[in-house]
Amino acid sequence: MTKNVLFYARYSTDRQDEQSIETQVALGREFALERGWTIIETLEDRAVSGTKLKSRPGIQNVLRRIKRGDIHVLLCVSVDRISRDMEHSSGILKQLRHHGVELWTVQNSSAVNDMEVGLRSIISHDMIEQTRYRTREGMKTSIKKGRAAGGIAYGYRAKLVYDAKGDRIPGEREIDEEQAEIVRWLFEQYVLGRSPKELAVELNGRVPTVPGPRGLKWRDTAIRGHRDRGAGILNNETYIGRLVFNRRNFRKNPETENREARMNDKSEWVVGEVPELRIVSDELWTKVKKRQIEVEASFSHTTTNRLNRTHRPSYLLSGLLECSHCSGPYAIMAKDRYGCTNRQKKLPIEHLGGVVCPNPKTISRHELERRVLHAIPARLLSVESTASIQDEINKQLAAAGANRERKEGKLRASLRDIAHRQDVVADQITQRIINGQPQIEAFNKMLDDLQRQRDEIEANLAMTAGKTKGPPKTFIINPAMYNAVIGALTTVVRAGASQDETVQRHFSFLRQLVQKVVISPGSDGKSTELTIYGQLAAIRASMQAFQEYCAGLTQQHRNEFARRVRAGEFNNQSEKLAYLERCRAVIAEAEAEWKLLQVSVVAGAGFEPAAFRL
């Protein structure tokens with residue numbers, strides 16, 4: 001029987017041969033040809049780890065493609081091409097089964113079942129963990145032997161040292177005297193009171209040019225770094241003859257699939273002494289550390305320092321402002337005034353031909369927030385909208401109640417499935433023990449993972465079953481209280497910075513309406529133009545369109561009314577009033593549609609990004 005086949009290929013890193021994709025495709029085509037299958041489309045991921053899912057465009061296209069319903073088989077060379085993550089593998093197989101698609105591999109020449117996917121993903125996951133462990137331990141050993149475990153820091157170059165077999169020994173470094181002079185100069189100038197920003201500007205302006213780390217332009221952040229993390233030139237202990245490794249560990253966030261750094265305890269740090277790599281004296285190093293502490297102390301009383309420490313927006317529009325010229329961020333430059341960060345740092349902008357951003361415009365924080373807040377339509381948060389919002393919320397509560405029973409049924413089905421899989425794995429372990437075969441750690445780990453999943457499902461099931469049965473309670477909005485809350489919210493936001501939890505929630509509510517605000521000088525050279533992007537822009541644009549439509553509709557009815565009066569189509573005053581009433585009804589209907597738009601925004605429905613100029 002002819003089957004429609006979707007072929008997927010992947011290789012992991014940019015260090016692997018790209019020809020491996022072509023090799024996989026060739027194997028897949030030969031395999032399909034032997035069975036009389038037709039490969040409809042080939043999808044691929046190049047240099048992407050199999051432990052990721054969301055950031056793999058190829059596999060995401062596979063999942064979207066199978067939803068069309070015309071694919072019978074998803075083919076790949078081996079299961080680990082699909083995923084090396086246990087959770088992802090199981091989820092992908094579930095989606096394939098839901099759409100009636102079989103998973104085949106060239107390696108096994110057969111369809112893949114749940115058990116094979118589970119076992120192979122566990123083995124792949126374990127292999128990755130073992131490789132990661134061995135690599136890290138090898139790096140620790142290199143540090144202890146005085147060899148670098150990572151990239152080449154500024155001020156050094158790779159040293160060519162060979163072993164008895166003639167193979168180059170990795171991790172050996174030697175001082176690059178030209179760069180070392182820049183390092184010493186940076187330390188000395190910082191001690192004299194100059195800021196990292198000043199030093200970056202001077203280095204970028206030197207003739208001949210002085211390339212920064214990795215050949216890029218100098219930035220103050222590359223010089224300043226982070227003292228506790230040992231990042232940045234002023235904090236690199238290699239310059240005093242010490243290699244420090246394992247300061248931080250990295251964990252992948254399962255939601256974003258991004259790595260997140262966390263500091264290790266100092267007892268876990270690995271230190272290697274390399275006096276031959278010293279560039280800076282202990283005395284100069286100590287002076288730099290002393291000034292860093294003084295600088296941090298001088299900023300400890302400012303709101304901007306608290307912002308950096310908590311990663312919260314101190315002001316309503318923090319992090320949402322953009323320069324119209326260089327697309328860089330706008331931030332507080334002086335007391336309560338925003339300005340272009342790239343211009344303040346005098347950084348050369350590549351897409352502007354290497355010149356500094358020419359946008360000198362600054363704007364008061366209070367003026368900026370006032371203009372954006374005034375752009376929020378009063379009717380969007382008015383008491384008149386509460387009835388519609390109340391109805392919408394009650395509909396959602398009713399829908400949530402209806403979904404509760406379906407959710408409970410799905411949880412019970414999942415619980416039965418996991419219990420069955422536990423029995424299968426337990427039988428496999430028992431059979432191996434009876435046959436005198438050695439235990440496989442992957443089986444034990446799989447049982448642990450299944451038990452963890454079972455515990456989570458049982459906990460969710462208990463929570464779901466514990467919820468009150470029957471019709472949901474209705475949600476009632478008190479108009480007076482609603483009006484008071486909106487008034488308080490506006491007052492709090494206009495008051496400025498605050499780290500109070502309630503104020504932060506108010507900030508979050510209003511920031512959801514704004515994607516970004518682009519700031520540019522006005523045509524007169526004195527004023528400031530603001531362009532808002534996001535939901536608020538969509539609301540304003542639709543509101544403006546509605547007002548223009550109503551104005552045109554009103555004028556159309558007036559012209560039609562005047563024409564009918566001139567033609568004598570009205571027999572008396574009552575007919576005239578009736579016609580005008582019908583016109584008002586048409587306009588009122590259009591206005592009602594706008595109210596529905598308001599409700600959808602307040603209730604949480606999203607808008608496509610739009611722009612609106614203030």
Side-chain angles (χ1 to χ4, degrees), residues 189-190 193-205 217-226 232 234 291-292 294-352 354-373 493-499 507 510-511 514-533 613-614:
Q189 294 300 308
Y190 182 79
R194 301 184 67 183
S195 69
K197 185 183 72 174
E198 290 179 76
L199 300 175
V201 170
E202 180 172 332
L203 288 173
N204 285 327
K217 296 289 185 181
W218 284 93
R219 287 181 172 269
D220 60 321
T221 50
I223 300 171
R224 180 189 299 110
H226 193 287
L234 295 179
R291 180 164 184 249
Q292 284 179 325
E294 292 172 351
V295 170
E296 289 175 7
S298 68
F299 279 95
S300 62
H301 304 294
T302 66
T303 57
T304 53
N305 189 59
R306 288 198 299 274
L307 168 64
N308 291 332
R309 287 203 309 269
T310 61
H311 300 286
R312 288 176 166 183
S314 279
Y315 304 116
L316 174 62
L317 301 173
S318 295
L320 304 179
L321 306 177
E322 183 178 293
C323 174
S324 63
H325 285 64
C326 68
S327 300
Y330 255 64
I332 295 293
M333 300 287 104
K335 183 171 179 57
D336 284 338
R337 288 199 74 82
Y338 283 105
C340 176
T341 302
N342 285 339
R343 178 178 175 83
Q344 188 214 28
K345 293 183 176 181
K346 299 181 181 179
L347 292 175
I349 308 300
E350 292 186 9
H351 66 267
L352 295 181
V355 301
V356 175
C357 177
N359 183 7
K361 196 64 188 176
T362 63
I363 183 171
S364 163
R365 175 177 69 83
H366 299 289
E367 178 190 349
L368 178 64
E369 293 178 356
R370 175 182 58 78
R371 289 169 64 177
V372 173
L373 286 170
V493 169
R494 287 174 176 164
S498 175
Q499 295 300 307
F507 276 19
L510 292 180
R511 285 167 63 88
V514 180
Q515 177 184 348
K516 67 178 177 179
V517 180
V518 176
I519 303 173
S520 59
S523 56
D524 58 3
K526 297 180 180 179
S527 60
T528 306
E529 290 186 357
L530 307 179
T531 304
I532 295 177
Y533 291 80
R613 179 163 292 181
L614 300 181

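Considering only residues two or more places apart in sequence or on other chains, R291 meets the salt bridge (charged side-chain N to carboxylate O under 4.0 Å, His left out) condition with none of them. The side-chain contact (heavy atoms from CB on, under 4.5 Å) search around Q189 returns W185, L192, R194, L199, not counting sequence neighbours. Evaluation of the side chain to side chain donor-acceptor pair (under 3.5 Å) rule for T362 yields R337 as partners, not counting sequence neighbours. The side chain to side chain donor-acceptor pair (under 3.5 Å) test applied to S527 returns D524, not counting sequence neighbours. Listed by chain and residue number, N235, K289 satisfy the side chain to side chain donor-acceptor pair (under 3.5 Å) test with Q292 (two or more places apart in sequence, or in another chain). For R343, there are no side chain to side chain donor-acceptor pair (under 3.5 Å) partners, not counting sequence neighbours. Remark: E367 engages R371 in a salt bridge (charged side-chain N to carboxylate O under 4.0 Å, His left out) (not counting sequence neighbours). Taking the salt bridge (charged side-chain N to carboxylate O under 4.0 Å, His left out) definition, one finds that R224 meets it with D220, sequence neighbours left out.
Within the 4.5 Å cutoff, side-chain heavy atoms of R219 are placed close to those of L347. Residues K346 and N204 form no side-chain contact, since every pair of their non-hydrogen atoms from C-beta on lies 4.5 Å or further apart. Using a 4.5 Å cut-off on side-chain heavy atoms (C-beta onward), Y190 and V295 make contact.
Across all their heavy atoms, L530 and I363 have their closest contact at CD2-CD1, 4.3 Å. For the pair I349 and C357, the tightest heavy-atom approach, listed with the atom from each and the gap, is CG1-N, 4.2 Å.
To the nearest 0.5 Å, atom CG of residue L203 and atom CD1 of residue I223 are 6.0 Å apart.
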Residues 320-333 side chain polar contacts: donor-acceptor under 3.5 Å, at least two apart:
from : atom 1 : to   : atom 2 : distance (Å)
S324 : OG     : I519 : O      : 3.2
Y330 : OH     : N359 : ND2    : 3.1
Y330 : OH     : K361 : O      : 2.6

